[in-house]
Amino acid sequence: MGADTRTRRFSERTIRQVRLDCNRAMTRARFCPEQSDVVQLRCVDESLESEHSFGNQLWYFEGVGVDIDQRRCSVFGVVEYSVQFGLHELVDDGVFDSEQQRERFRHIYEREVHPPSWRQPAHRWLAIGMVAVTFTWLSYLLLRILSV
């Protein structure tokens with residue numbers, strides 16, 4: 001959903017919650033919570049919830065982290081939410097050393113967001129295989145019972 005999520009206005013409450021979760025992610029990554037800072041936040045993907053499915057949001061953040069040895073370094077983070085009945089439920093977060101590492105997380109996220117479809121050949125072959133194995137097993141059991 002690229003460009004239109006950048007122009008969408010989010011409530012102050014949502015921004016506060018995202019910033020808080022970003023700071024928690026940096027703390028879990030072993031950066032000092034008092035000296036580290038989130039510099040920039042942006043929502044890079046958003047799907048609204050509907051009557052049939054929950055929504056989701058993916059936020060990127062950049063910041064400056066201060067580690068145990070008092071060294072400052074740039075950090076690149078991501079926070080993923082599931083939007084359920086208007087509430088943001090934290091699904092996953094991560095703090096990375098480079099933007100490339102963060103992009104790898106995004107590729108995994110995009111694969112999870114798109115539900116599996118029977119149009120994919122692997123899923124059809126799996127279903128055919130399961131039916132064949134079930135048929136073979138039931139035939140074996142039936143022949144075994146009839147031969148006794």
Side-chain angles (χ1 to χ4, degrees), residues 1-138 140-141:
M1 298 237 166
D4 25 315
T5 60
R6 294 176 195 261
T7 59
R8 179 162 183 246
R9 289 259 195 225
F10 294 95
S11 69
E12 188 175 319
R13 179 177 171 214
T14 299
I15 299 296
R16 249 192 327 241
Q17 182 63 47
V18 172
R19 187 171 291 279
L20 180 65
D21 289 333
C22 292
N23 286 327
R24 286 183 186 149
M26 289 180 63
T27 302
R28 277 193 296 278
R30 302 192 189 270
F31 290 108
C32 177
E34 289 84 26
Q35 296 176 343
S36 301
D37 189 32
V38 174
V39 177
Q40 182 182 15
L41 286 173
R42 67 183 181 278
C43 182
V44 294
D45 188 33
E46 177 182 38
S47 67
L48 301 175
E49 62 182 323
S50 67
E51 292 186 24
H52 305 291
S53 65
F54 294 127
N56 60 332
Q57 289 182 349
L58 186 68
W59 290 78
Y60 276 3
F61 68 92
E62 284 83 28
V64 176
V66 179
D67 63 10
I68 296 171
D69 299 327
Q70 299 299 315
R71 288 181 292 189
R72 299 174 70 79
C73 59
S74 297
V75 293
F76 304 91
V78 62
V79 180
E80 178 186 358
Y81 292 101
S82 172
V83 181
Q84 303 175 10
F85 305 108
L87 301 173
H88 288 73
E89 289 291 323
L90 182 64
V91 174
D92 199 4
D93 60 21
V95 176
F96 306 99
D97 295 328
S98 70
E99 290 185 57
Q100 291 79 19
Q101 290 174 337
R102 181 171 63 184
E103 284 304 315
R104 277 191 255 153
F105 178 92
R106 174 101 186 248
H107 292 299
I108 294 169
Y109 162 82
E110 287 173 349
R111 278 189 270 158
E112 290 177 356
V113 169
H114 302 294
S117 166
W118 288 110
R119 294 180 183 175
Q120 296 177 354
H123 293 161
R124 282 185 271 165
W125 281 110
L126 176 65
I128 291 169
M130 289 185 68
V131 168
V133 167
T134 302
F135 179 75
T136 304
W137 181 250
L138 289 175
Y140 167 75
L141 290 175

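Along the sequence shown, residues carry numbers from 1. This structure is a prediction, so every number in the text was calculated from the model and none was measured.
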K.L.:
Measuring from L90:CG to E80:CD, what's the distance to the nearest 0.5 Å?
P.N.:
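Rounded to the nearest 0.5 Å, the CG-CD separation comes to 8.5 Å.
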K.L.:
Looking at D69 and R71, would you say the former's side chain and the latter's main chain have a donor-acceptor pair under 3.5 Å?
P.N.:
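Judged by distance alone, no pair lies under 3.5 Å.
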K.L.:
About how many Å separate OG of S47 and CD of Q57, when rounded to the nearest 0.5 Å?
P.N.:
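One finds 8.5 Å between CD of Q57 and OG of S47.
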K.L.:
Would you give the length of the straight line joining atom CZ of R9 to atom OG1 of T14, rounded to the nearest 0.5 angstrom?
P.N.:
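The OG1 atom of T14 is 13.0 Å from CZ of R9, to the nearest 0.5 Å.
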K.L.:
Give the minimum heavy-atom separation between G65 and M26, together with the two atoms involved.
P.N.:
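Closest pair (atom of G65, atom of M26, distance): CA-CE, 3.9 Å.
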K.L.:
Checking side-chain contact (heavy atoms from CB on, under 4.5 Å) for the pair F10/V18: CA distance, chi angles, key distance, verdict?
P.N.:
CA-CA 11 Å; F10 294 95; V18 172; over 6 Å; no
K.L.:
Given side chains that start at C-beta, do those of R104 and F96 come closer than 4.5 Å, heavy atoms only?
P.N.:
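Side chain of R104 against side chain of F96, heavy atoms only: no contact under 4.5 Å found.
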K.L.:
To the nearest 0.5 Å, how far apart are CD in Q35 and CZ in R72?
P.N.:
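One finds 7.5 Å between CD of Q35 and CZ of R72.
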K.L.:
How far does CG of L48 sit from CG of N56, to the nearest 0.5 angstrom?
P.N.:
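Nearest 0.5 Å value for the CG-CG distance: 9.5 Å.
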K.L.:
How long is the gap from CZ on R16 to CD on E12, to the nearest 0.5 Å?
P.N.:
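One finds 5.0 Å between CZ of R16 and CD of E12.
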K.L.:
Can you give me the closest heavy-atom contact between D45 and R106, atom names plus distance?
P.N.:
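Smallest heavy-atom distance, with atoms named: CB-NH2, 4.2 Å.
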K.L.:
Can you name the nearest heavy-atom pair linking C22 to V79, along with the distance?
P.N.:
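Where C22 meets V79 most closely, the heavy atoms are SG-CG2, 3.6 Å.
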K.L.:
Does R124 have any salt bridge (Lys or Arg N to Asp or Glu O under 4.0 Å) partners at least two apart in sequence or in another chain, and if so, which?
P.N.:
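Checked R124 against salt bridge (Lys or Arg N to Asp or Glu O under 4.0 Å); zero matches.
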K.L.:
Which pairs with one or both residues in residues 34-54 pass ring-ring contact (aromatic ring centres under 6.0 Å, His included), sequence neighbours excluded?
P.N.:
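Listed by first then second residue: F54-F85.
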K.L.:
Who pairs with W137 by ring pair (Phe, Tyr, Trp, His ring centres under 6.0 Å), at least two apart in sequence or on another chain?
P.N.:
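Partners of W137 by the ring pair (Phe, Tyr, Trp, His ring centres under 6.0 Å) criterion, ordered by chain and then number, come out as Y140.
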K.L.:
Could you pull out the closest heavy-atom pair between R19 and V38, with the gap in Å?
P.N.:
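In this case the closest contact between R19 and V38 is NH1-O, 3.1 Å.
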K.L.:
If we count only N and O atoms by modelled type, under 3.5 Å, do the side chains of Q17 and H88 hold a donor and an acceptor together?
P.N.:
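Q17 vs H88: no donor-acceptor pair found between side chains.
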K.L.:
How close do A25 and F61 get, counting heavy atoms only, and between which atoms?
P.N.:
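Here A25 and F61 meet closest at CB-CZ, 4.4 Å.
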K.L.:
Ignoring hydrogens and angles, write down the donor-acceptor pairs under 3.5 Å from the side chains of residues 27-34, residues two or more places apart or on other chains.
P.N.:
unit_1	atom_1	unit_2	atom_2	d
T27	OG1	N23	O	3.0
R28	NH2	D93	OD1	3.3
R28	NH2	D93	OD2	2.0

K.L.:
For L138, I'd like to know if atom CG has over 12 heavy atoms of other residues, nucleotides or ligands within 6.0 Å.
P.N.:
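Above 12, so yes.
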K.L.:
Not counting sequence neighbours, which residues clear salt bridge (Lys or Arg N to Asp or Glu O under 4.0 Å) with R24? List them please.
P.N.:
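Applying salt bridge (Lys or Arg N to Asp or Glu O under 4.0 Å) to R24 gives D21.
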K.L.:
Check salt bridge (Lys or Arg N to Asp or Glu O under 4.0 Å) between E62 and all other residues, then give those that pass, not counting sequence neighbours.
P.N.:
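E62: salt bridge (Lys or Arg N to Asp or Glu O under 4.0 Å) contacts with R42, R102.
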K.L.:
What pair of heavy atoms forms the shortest contact from Y60 to V44, and how long is it?
P.N.:
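For Y60 versus V44, the nearest heavy atoms are CD2-CG1, 3.7 Å.
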